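Working notes, structure below.
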Amino acid sequence: MNKLILLAFGVIFCFTAINAQKLENEAKVEALLAKMTLEEKIGQMNQYSGFFDATGPAPKDENNKLKYEHIKTGMVGSMLNVRGVKQVREMQKLAVEGSRLGIPIIFALDVIHGHKTISPIPLAEAASWDLEAIKQSAKTAAIEASAEGLNWTFAPMVDISRDPRWGRVMEGAGEDPYLGSKIATARVTGFQGDDLSKENTIAACAKHFAGYGFIESGKDYNKADVGTSTLYNIILPPFKAAVDAHVATFMNSFNELNGIPATGDKFLQRDILKGKWNYSGFVVSDWDSIGEMEEHGFAKDGKHAAEIAANAGSDMDMESYVYLNHLKDLVAEGKVDVKLIDDAVRRILRTKYALGLFDDPYRYCDEAREKKMIRHADHEAAALDLAKKSIVLLKNENNLLPLAKSGEKITVIGTLADDKTSPLGNWRLASDDETAVSLIEALKARKGNEITFVAGPKLLEKSPMFHENSAVNTTDRTGFDEAVAAAKNAETVIMVLGEHGMQSGEGRSRANIDLPGLQQELLEAVYAVNSNVILVLSNGRPLAITWAAENVPAILETWQLGTQSGHAIAAVLYGDYNPSGKLPMTFPRHVGQIPIYYNYKSTGRPGPKWEVFWSRYTDETNAPLYPFGFGLSYTSFDYKDLKINVKDKEVEVSVTVTNTGKVAGEEVAQLYIRDRVASVTRPVKELKGFEKFALKAGESKTVNFTLTGKECGFFNNQGKFIIEAGDFDVMVGGSSAKGVTGKFTLK
Ligand code: GLC
């Protein structure tokens with residue numbers, strides 16, 4: 001009893017202490033705000049990207065000279081893309097020692113999936129369904145980023161998307177709002193920890209608010225038109241989860257949502273985020289998204305854009321310059337109320353106090369810690385652990401996998417097999433090229449089998465950097481015949497195919513999602529001479545690999561797994577780790593099926609009936625190639641004894657899962673419901689619970705879920721959350737396509 005009382009007192013004490021600190025910070029914010037001139041307030045709302053050397057002489061080129069002067073005169077609230085303790089310290093000194101009030105700058109970077117030690121791309125991390133590992137990944141990233149002087153990351157990206165043509169699906173958690181919400185919480189908590197003022201935690205940023213993942217035709221930056229049911233039930237939940245996890249900042253999005261650019265959308269930023277959700281952090285625009293409202297045809301010029309954005313609730317201007325250039329006049333002209341300026345600056349200062357930047361502006365500038373923490377062995381181990389858990393086994397006919405440990409002649413084909421940069425993915429600003437372990441390196445580091453590598457034709461004309469593009473190679477067949485000849489003499493062929501790291505990510509939408517370039521032709525030519533092929537996919541988005549699925553005996557989805565990529569794939573190929581990943585996004589059979597997702601609506605003609613008159617294609621099935629939640633194992637799992645017990649407002653669901661195979665393995669038991677009849681139609685299936693666990697061969701486990709109003713309810717078209725009585729279907733299984741089923745009635 002004493003322990004419980006002590007624990008209770010401890011919790012109350014911590015809670016009180018945190019609140020006391022918040023109250024103290026609020027008082028400091030008000031006191032500082034009262035001293036600030038209007039120009040100084042506007043300066044806090046201005047963010048620049050730092051592409052000049054702060055440790056060198058003052059920059060000479062006009063643009064950077066302007067930034068340098070503005071930093072020294074308190075006209076810059078935040079910098080992004082400043083890297084390294086030395087640079088941050090010098091930039092901070094300019095602001096703190098140069099400006100009248102010495103307000104520190106907050107330093108940001110896109111630390112999306114790791115910093116120097118790169119973890120799997122977020123879509124791969126989502127495939128692990130391991131929330132603790134995902135949280136640890138964000139925590140590791142925060143430790144390394146903060147060791148380099150940074151206090152703020154523009155992550156997690158929580159945009160739900162059903163369109164693999166969009167290059168940025170690699171950056172999110174896939175198509176489902178329930179999984180997306182859990183992952184948003186895990187990542188925010190990982191980045192921010194329990195105390196933002198600690199020197200190894202950083203402010204997170206829920207982005208892109210909102211609807212970016214629903215851009216038309218999958219084309220980046222395109223318009224998004226969505227109905228209220230999709231907005232409230234699919235798009236907004238992960239953002240609300242981030243708010244509930246106390247995410248320090250938000251970023252709005254480039255796209256227009258239903259005719260209003262999100263950056264200038266008062267409904268999103270003030271009515272929902274700061275009003276209904278009572279959000280106390282601040283909103284940063286996306287890069288020049290305020291200025292781009294002119295291109296949208298929503299603002300007549302920069303000044304008008306500044307007026308719209310400030311009134312709509314966009315608190316900080318990233319690289320548009322329009323706040324600095326126009327807000328003072330807009331206030332003088334009565335077009336922007338100074339109260340809104342104060343509100344924006346209050347939010348920004350609040351975050352800087354929470355980060356401890358006023359106590360010590362150089363808190364994050366410790367060269368010794370920088371040396372010690374960057375690429376720390378613990379970080380590499382965590383990256384390897386999560387990389388293994390992110391791999392999805394899509395096919396394994398005749399148990400071709402795992403490979404024998406010795407005595408085999410294995411030929412590895414594909415330039416991606418020895419690519420040490422692509423596994424780092426697209427969003428790896430802080431990492432260095434050539435720092436990933438390639439699959440070839442990892443395979444050759446293991447003894448026992450004879451490994452031969454033949455690259456085959458190049459994938460791209462040249463290997464692009466972040467800001468570059470590169471054409472897919474469809475003409476240079478150098479290496480093609482050599483690869484086929486090598487396959488002919490091999491016992492087993494491993495083909496590593498997919499996308500270069502810069503073929504997905506921002507600005508990399510694709511109109512077709514087949515294997516790019518000569519890869520499909522090469523795969524078929526190799527298979528024709530040796531059908532013992534293991535396809536290892538390395539890609540940033542679902543691909544329509546239908547021919548491979550119908551012909552190739554074994555397929556591993558390895559995404560882009562970060563620094564430890566090669567070792568993770570080798571561990572799965574050799575069975576040192578039994579693959580446990582599950583798809584966070586549907587794989588289409590054909591790009592023409594997009595958008596295709598598991599939580600679709602029935603329609604009035606789900607069919608098949610009346611021959612042709614039902615919801616279908618005449619030239620393709622409705623079914624996906626691989627469904628959401630799907631993933632195989634080297635063992636097998638059986639689900640039985642589904643029990644459903646309705647207790648007043650809760651529904652208890654339990655199922656027994658048995659490992660019916662010969663080796664230990666991990667399973668992700670997924671619970672789906674269907675609300676049969678509702679005042680707004682509900683999907684045929686909705687994920688409302690999951691649990692990942694390990695089972696030894698022959699071992700069984702009872703998995704328990706509890707459904708409450710939160711899981712059974714939904715948002716109506718007025719944005720109101722409602723719970724309706726009625727009949728529900730339940731399914732529990734290892735994917736969204738198969739499981740044991742039952743029913744219950746909610747009174
Ligand atoms: C980019 C992205 C955004 C990123 C920002 C800063 O254009 O849309 O996600 O955080 O600019 O790099």
Side-chain angles (χ1 to χ4, degrees), residues 21-50 52 54 58 66-82 85 87-109 146 149-153 196-197 199 201-203 205 248-249 280-285 310 314-325 327-328 331 336 338-365:
Q21 182 60 56
K22 277 187 177 170
L23 287 173
E24 192 186 322
N25 285 348
E26 284 304 302
K28 289 175 181 172
V29 166
E30 293 310 320
L32 179 53
L33 202 60
K35 290 181 200 159
M36 294 170 78
T37 64
L38 178 58
E39 287 87 343
E40 287 165 337
K41 291 174 182 176
I42 294 168
Q44 288 302 303
M45 299 167 72
N46 181 43
Q47 180 185 60
Y48 284 144
S49 179
F52 59 86
L66 177 84
K67 290 182 178 179
Y68 192 84
E69 286 313 311
H70 284 164
I71 291 169
K72 279 171 62 180
T73 51
M75 292 297 110
V76 180
S78 171
M79 293 294 291
L80 69 144
N81 297 327
V82 178
V85 163
Q87 290 292 331
V88 169
R89 181 193 296 280
E90 287 309 308
M91 202 82 79
Q92 192 69 292
K93 269 174 77 175
L94 284 177
V96 168
E97 295 174 13
S99 65
R100 183 176 78 89
L101 292 169
I103 298 174
I105 284 175
I106 177 172
F107 290 88
L109 186 75
S146 57
L150 298 165
N151 345 105
W152 181 20
T153 176
L196 263 190
S197 70
E199 81 290 346
T201 60
I202 56 177
C205 180
T249 67
S280 61
F282 72 89
V283 179
V284 64
S285 78
S314 194
D315 301 307
M316 186 180 274
D317 168 14
M318 182 195 294
E319 278 286 332
S320 276
Y321 301 60
V322 292
Y323 275 7
L324 214 54
N325 294 341
L327 272 186
K328 187 179 176 192
V331 170
V336 172
V338 70
K339 289 196 184 73
L340 296 186
I341 304 286
D342 286 350
D343 177 65
V345 177
R346 191 171 283 123
R347 293 167 183 270
I348 294 164
L349 295 179
R350 182 179 291 146
T351 305
K352 293 185 177 183
Y353 271 106
L355 283 163
L357 285 170
F358 281 97
D359 298 337
D360 174 6
Y362 307 103
R363 164 186 303 258
Y364 297 82
C365 300

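Treat the numbers as computed from the prediction; the structure is a model and nothing was measured.
Across P104 and F358, no two heavy atoms sit closer than the pair CD-CE2, 3.5 Å. Taking all atoms of both residues into account, the shortest heavy-atom contact from V82 to G50 is CG2-CA, 4.2 Å. In terms of heavy-atom proximity, I202 sits nearest to S146 at CG2-CB, 3.9 Å. Heavy-atom minimum distance, N46 versus M75: ND2-O, 3.0 Å.
One finds a salt bridge joining E24 and K28 here, because a Lys/Arg side-chain nitrogen approaches an Asp/Glu carboxylate oxygen to under 4.0 Å.
Every ring pair (Phe, Tyr, Trp, His ring centres under 6.0 Å) that F282 has, sequence neighbours left out, goes to W152. In this structure, the side-chain contact (heavy atoms from CB on, under 4.5 Å) partners of E30, at least two apart in sequence or on a different chain, are L33, R346. Q21 meets the side chain to side chain donor-acceptor pair (under 3.5 Å) test with N25; sequence neighbours excluded. Annotation: side chain to side chain donor-acceptor pair (under 3.5 Å) contacts of Q47 (sequence neighbours excluded): S78. Residues that satisfy the side-chain contact (heavy atoms from CB on, under 4.5 Å) test with E69, not counting sequence neighbours, are K72.
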(request) List the steps, then state whether side-chain contact (heavy atoms from CB on, under 4.5 Å) holds for L109 with T153. (result) CA-CA 5 Å; L109 186 75; T153 176; over 6 Å; no
(message) side-chain contact (heavy atoms from CB on, under 4.5 Å) for M36 and I103? Distances and angles first, verdict last.
(response) CA-CA 10 Å; M36 294 170 78; I103 298 174; 3.6 Å; yes
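For the side-chain hydrogen bond (donor to acceptor under 3.5 Å, both in side chains) condition, the pairs that include at least one residue of residues 352-365, sequence neighbours left out, are Q44-K352.
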